[in-house]
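In each ligand, atom 1 is the first atom listed, and ligand 1 is the first ligand listed. Side-chain atoms are counted along with the backbone in the values below, which use heavy atoms only and exclude waters and symmetry mates.
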Amino acid sequence: MSTTVNLGTNDTNKRVPRSTPQFVPELVYFEPAALEYPKGQHILKWVQAEGIEYQLTTSHNRIMNFPGDTELQQYRIAKRTLVVGVRKTLKFDQSKPSAEYAIPIGTGCIGHCHYCYLQTTLGAKPYIRVYVNTDEIWDAAKRYIEERKPELTRFEASCTSDPLSIEHITGNLSDLISRMAGEEFARLRFVTKYHHVEPLLSLTHNRRTDVRFSVNADYVIKHFEPGTSHFEERIEAAAKIAKAGYPLGFIIAPIYWYDGWEDGYDTLLKKLAAALPEEAKWDVSFELIQHRYTKTAKSVIEKRYPKSKLEMNEEERKYKWGRWGQGKYVYPDEQANQLKTFISERIYTYFPTGRILYFT
Ligand code: SF4
């Protein structure tokens, strides 16, 4: 196995692609135990076929230094690094209110959304980790399902990553969707900003997986979501998901106040309604989340995206106390209400039978 790190440029970075390409890491680390699993072996073969440099590491915790002269360069390289490992903690975190549990199939994300909460939660470990012990993870999920039966147990697969962005490498999402199809008392959901849905379209899902696309006004996508699929790609993918019979929903987040936001969100919803097939529209659901940040997040964002236009001015925000001590800055009530009222009205205009699950 190679022990050198090849950080040659990936020429997909040099031009604006018409279609957002699938993620190809620049460097892959394997934890040795991962290679004892068929999925670990499968990923190794893919890495070799792609000609990607790879190394063994005894634990992802030992990956301390990424190449680069500045912290920013190191961060960018870390975001293009994949670690293939075994999920040891099989106690799932809670994921209220959208689900009972977060099901761990990967951690970290290839996207560069300036506002992403993973900036803070993953801190110094922004690389992408994928887990290969899917049977063990599923066995743990089954125990949770059995414990709660006949109550439904809902699992969220995107609490710590965007699982669709790495699906071509792991197949973990397809695996979960297929297994969930056989579970009367369980549901899966995931959220994505990517469009690479092809592997999911022919799966048997029995409508037990809820697919949510994260969408936003053009301004927000353009300025704050580098590295994700374009809006049109996401919508096209949503239409395919609807045609494949999956329950479909949209998360509009973060809802962001900027000059011209009314036009931006109106156009978003109008385009969405025009692009979706009729059968997808009648029962579509929306989750609305206004922009928020913590002080810690702000300092991380300022370091990692120093030229970001993301406005985080405490004097223009309302402080909302958090359950675990650290509070968040949200919009003052008057602004939040304007955002909520306007966007809700537009949703009901373009999707008269649509449902708004919450605004927060
Ligand atoms: Fe974060 Fe989602 Fe953007 Fe990835 S795509 S960086 S998980 S907000």
Side-chain angles (χ1 to χ4, degrees), residues 13 17 19-25 72 75-83 93 95 98-99 102-131 156-170 172-173 189-197 210-235 237-238 241 249-256 268 287-294 296-298 300-305 308-310 312 328 360:
N13 285 339
S19 168
T20 306
Q22 285 187 321
F23 171 62
V24 178
L72 206 55
Y75 168 69
R76 299 221 153 227
I77 302 260
K79 290 278 279 184
R80 299 198 62 82
T81 300
L82 178 72
V83 181
D93 287 334
S95 181
S98 62
I103 189 159
I105 54 173
T107 308
C109 180
I110 66 170
H112 276 277
C113 305
H114 298 181
Y115 53 74
C116 179
Y117 68 93
L118 296 181
Q119 308 275 6
T120 323
T121 52
L122 297 181
K125 299 182 186 304
Y127 45 80
I128 292 108
R129 292 178 67 200
V130 295
Y131 307 118
E156 169 64 66
S158 44
C159 281
T160 53
S161 73
D162 187 316
L164 193 60
S165 68
I166 41 180
E167 178 62 7
H168 59 294
I169 301 174
T170 66
N172 277 351
L173 204 47
R189 59 171 262 152
F190 71 93
V191 185
T192 187
K193 283 189 170 72
Y194 291 87
H195 73 285
H196 306 105
V197 293
D210 204 337
V211 184
R212 332 281 297 161
F213 286 87
S214 169
V215 290
N216 220 310
D218 260 357
Y219 178 91
V220 176
I221 295 181
K222 188 167 149 217
H223 291 290
F224 309 129
E225 298 185 354
T228 62
S229 293
H230 315 312
F231 174 76
E232 281 73 17
E233 290 175 319
R234 294 183 214 174
I235 298 316
I241 281 291
F250 293 97
I251 297 193
I252 306 183
I255 295 174
Y256 184 74
L268 159 73
E287 290 157 82
L288 309 178
I289 305 172
Q290 63 168 306
H291 180 244
R292 73 261 329 271
Y293 64 91
T294 60
T296 314
K298 180 177 172 177
V300 176
I301 294 164
E302 284 173 344
K303 245 196 259 163
R304 291 184 173 166
Y305 302 102
S308 179
K309 288 173 185 290
L310 193 64
M312 292 175 289
K328 291 169 181 168
T360 180

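- In summary, the atoms of ligand 1 found under 4.0 Å from a heavy atom of C116, numbered by their order in the structure, are 1 (Fe), 6 (S), 7 (S), 8 (S).
- The existence of a salt bridge linking R234 and E225 is confirmed by a sub-4.0 Å separation between a basic side-chain nitrogen and an acidic carboxylate oxygen.
- Each of the atoms 7 (S) of ligand 1 lies under 4.0 Å from some heavy atom of L118.
- Ring pair Y305/F224: centre-to-centre distance not below 6.0 Å.
- Listed by atom number, the atoms of ligand 1 under 4.0 Å from K193 heavy atoms are 2 (Fe), 5 (S), 8 (S).
- Among all heavy-atom pairs drawn from R212 and I251, the shortest one is CB-CG1, 4.2 Å.
- No donor-acceptor distance shorter than 3.5 angstrom exists from the side chain of D218 to the backbone of L268, with no hydrogens or angles considered.
- Among the backbone and side-chain atoms of C113, none of the N, O or S atoms lies under 2.8 Å from atom 1 (Fe) of ligand 1.
- The ligand atoms of ligand 1 that sit less than 4.0 angstrom from a heavy atom of G111 are 6 (S).
- Judged by distance alone, with hydrogens and angles left aside, the side-chain atoms of E233 form a donor-acceptor pair with the main-chain N or O of H230 at under 3.5 Å.
- Nearest to atom 4 (Fe) of ligand 1 among the protein's heavy atoms is C109 SG, 2.2 Å.
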